[in-house]
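Only one structure is covered here, and it is reproduced in the block below.
Note on naming: letters A, B, ... go to the chains in the order of the sequence lines (proteins, then strands), and numbering restarts at 1 for each one.
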Protein chains: 4
Amino acid sequence: MAGSTNDGERKPRTDKQRNRAHILDVAEQYFSEHGITGSLDAIAKRAGIGPGTLYRHFPTREALLAALLQARDDELEARRKAIQEQESDSAAALAQWLTAMGQWATAFDGLPEPLRAALVEDKSPLALTCQGFITTTDAFLRAAQRDGRARPEVRGRELFLGVLAASWAASAAMADESSPSALHHLLQAGWATPAERAEHLS
Amino acid sequence: MAGSTNDGERKPRTDKQRNRAHILDVAEQYFSEHGITGSLDAIAKRAGIGPGTLYRHFPTREALLAALLQARDDELEARRKAIQEQESDSAAALAQWLTAMGQWATAFDGLPEPLRAALVEDKSPLALTCQGFITTTDAFLRAAQRDGRARPEVRGRELFLGVLAASWAASAAMADESSPSALHHLLQAGWATPAERAEHLS
Amino acid sequence: MAGSTNDGERKPRTDKQRNRAHILDVAEQYFSEHGITGSLDAIAKRAGIGPGTLYRHFPTREALLAALLQARDDELEARRKAIQEQESDSAAALAQWLTAMGQWATAFDGLPEPLRAALVEDKSPLALTCQGFITTTDAFLRAAQRDGRARPEVRGRELFLGVLAASWAASAAMADESSPSALHHLLQAGWATPAERAEHLS
Amino acid sequence: MAGSTNDGERKPRTDKQRNRAHILDVAEQYFSEHGITGSLDAIAKRAGIGPGTLYRHFPTREALLAALLQARDDELEARRKAIQEQESDSAAALAQWLTAMGQWATAFDGLPEPLRAALVEDKSPLALTCQGFITTTDAFLRAAQRDGRARPEVRGRELFLGVLAASWAASAAMADESSPSALHHLLQAGWATPAERAEHLS
DNA sequence: GATGAATGAGGCTTCATTCAT
DNA sequence: CATGAATGAAGCCTCATTCAT
């Protein structure tokens, strides 16, 4: 029953790494199908392992998520470098970075929720990830602010949270003609017209 | 054990309305304490009724929520009238309306979630409520757009969703120096500087 | 699957009493077989009910035990009356009462453990039961002490605990030629008035 | 991660003994803190070894306990000699010996339980230890009986079991004004020669 | 209509034990 | 020998929902 996994080999041990990778593969698919609140036991079962084994690798749902996202972290890091190298316009660079994060946060249904929680609870395995993104966002943001392209009072943390919120909202917007990224646009430009927007900040 | 609620009498009959009101009172308090994902059974128990009775009154959690929000609907409706009558500036009026909705959506912890869902699933008892708010938002928005105070491509539905998203994010922002309403500000003004924002919309 | 229980009737409802009684029957047998640490889920399954139903009737293992013992409480109460009426010798009466309690505490394997715990934690459903027995023991004890048949410094609580301890030990003694009640005898020779005993108390 | 124990060296080999000693140290502390039902895995982890290694050294929990108690056996053996040499009164000697065993059996929370079990199951690693104590107890007891200071029908095994039972009860008695050793007193007044006790044996 | 007992799938954890390396 | 990853049964508990009374 167990061990009927990927390669077909017996149960090669030492490839705890392989096993871990297999769990991640399964979890990735399962979360994609059922959202991040899906049953951990079900993931274990689908991976052909006991619940204890899953628990050993990832003691928390968030630990599993963090591992899952780490793979994407690398993609995002690459994306960051690409943006920095190719985009000379600081505002456009920030916009692209936010878009990239928005896609990252939409990887699984329900993902924004634990990410938001991680912003508050420092103990979460996701907290570190979030912090890194906030730092990067801050870098892009400050560059844009230096160029007078981003409003000076905005902060990276707010922007990250804004991206999370927009991603959170995204799953509902699809049923509408309004593009899922409408909120990302709002985030960038707001609803008010430029000339006179500052005065009505409540 | 049951019926030990308000009157002290046996079961005066005709108190179906009274019963319903009592349930709502209890649910309001319970959701305030435990968030909207709290146990319905616990609400029933606290109200001194059986779960079946609760179920009869409100077949779903959404139905209960909708009833709960309806009371606040009246407040919001009053607020709307007040804004319309007292605020001549259309942009300020829209801003005030969005703020009011933001408070409304923060009534219970976790409330934005089912509201978002109601935007997609038309069957939800909350859908009607949401639709009403969207319509009102649209009215405020169009007035502002007529005055050239709101960007013409923005739509009421987006704005409503934006308010929801900002409310969703609010619970996490508190740990930061950034005010919980930072996102509401972003919603209004965006992060980009006014002069040159439209060109980079991805 | 469920409801395949005792009578063969459909699922008569209202006989929540009957259901409860059935659970108790099953639990009694199960605990007799597996000791009191046996699986509650297993009891539920054997009773043909869901775990939730068992939980509703008896939220705690101790609550279940307490209910189980209550039936025997009645027997013990009857025994007490019988002893009081028929035994004029106060020392013999106490001895008989202790013996009766010893049998009561041996009803299930492992029973003395939670009873001991209940002596310390007042919240336990078993605490009340224990307290009642201590009171009764005290009554018998005081009578014997008045007659100079029991050592005056002994207290009912100690004696109850002693009976518990002897019952605890009983399960091991059986493999030996020494009668399982050897400890009860030791206990008795402890409370009985001796001529010369006090000098060696360490 | 492993081997981060005492020496700091890599793994000096031949340290099987040292390893074993280290495990015992850790287990001693762990059982002191969590009682003897604590997790063996936790002990292994705390000792910096794998569960398999722990298992190799001590195939059962009882084996570990037996090893743990063996260290104390030496103390007890010394105590025995001291008593024999210093105490000329055979009854007092027995009393002191029983007291010493009571302390020994209270070393860890829950210890009496497996000791009692070992009296029945001869296969237990603890059985040998118990048997030794019974033998010693018998020696003290017979001396006292020869002097007419202990009741002749009492047997060492009973007395050992009685000490165990009193130790078992000790943890609960603390909440009361009655000293935890109340049962030991009861036990003693049991084995001491009384004038008129036999007639009420039920 | 109202009641609340029953349902039972499903969640998360823990841990003694095995066994490939 | 030592290791520690894997196992997986079993435990307890929760709760939305149904339905007999």
Next on the checklist: Given the ring of D:Trp168, does C:Arg116 sit roughly above its face, with NZ or CZ under 6.0 Å from the centre of the six-membered ring and within 45° of the axis?
Outcome noted: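 So C:Arg116 does make the cation-pi contact.
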Checklist entry - Do C:Arg61 and C:Phe108 meet the cation-pi criteria used here (NZ or CZ under 6.0 Å from the six-membered ring centre, within 45° of the axis)? => result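 Checked: cation-pi criterion not met.
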Quickly work out the [X] [atom1] to [N] [atom2] distance and round it to whole Å.
| X | N | atom1 | atom2 | answer |
| --- | --- | --- | --- | --- |
| C:Asp41 | E:dA9 | CG | P | 12 Å |
| C:Arg20 | E:dA6 | CZ | C1' | 16 Å |
| B:Arg56 | F:dC19 | CZ | C1' | 11 Å |
| A:Ile49 | F:dA9 | CD1 | P | 14 Å |
| D:His57 | F:dG4 | NE2 | P | 13 Å |
| D:Ile23 | F:dT3 | CD1 | C1' | 12 Å |
| C:Asn19 | E:dT7 | CG | P | 7 Å |
| C:Phe58 | E:dA6 | CZ | P | 10 Å |

Next on the checklist: Let's test this: given Watson-Crick or G-U wobble pairing with both distances under 3.5 Å, identify the partner of F:dT18.
Outcome noted: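 For F:dT18, the partner nucleotide comes out as E:dA5, under the 3.5 Å rule.
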Item to check | D:Tyr55 side-chain N/O to E:dT18 phosphate OP1/OP2 under 4.0 Å | outcome: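 For D:Tyr55, the contact criterion (side-chain N or O under 4.0 Å from OP1 or OP2 of E:dT18) is met.
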Checklist entry - Mapping A:Pro51 and B:Arg61 to their closest nucleotides on DNA chain F, which lands nearer the 5' end? => result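 Comparing both residues, the 5'-ward one is A:Pro51.
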Checklist entry - Base, sugar-phosphate, or nothing for C:Thr53, non-hydrogen atoms under 4.0 angstrom? => result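 Base contact - C:Thr53 has a heavy atom under 4.0 Å of at least one base atom.
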Next on the checklist: Rounded to the nearest 0.5 Å, what separates atom CD1 in D:Ile43 from atom CD1 in D:Ile23?
Outcome noted: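 Rounded to the nearest 0.5 Å, the CD1-CD1 separation comes out at 9.5 Å.
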Item to check | 5'-most by nearest nucleotide on DNA chain E - B:Gly52 or A:Ser39 | outcome: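 Result of the comparison: B:Gly52.
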Next on the checklist: Between B:Arg46 and B:Glu33 (salt bridge meaning N to carboxylate O under 4.0 Å), is one present in this structure?
Outcome noted: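 B:Glu33 and B:Arg46: salt-bridged.
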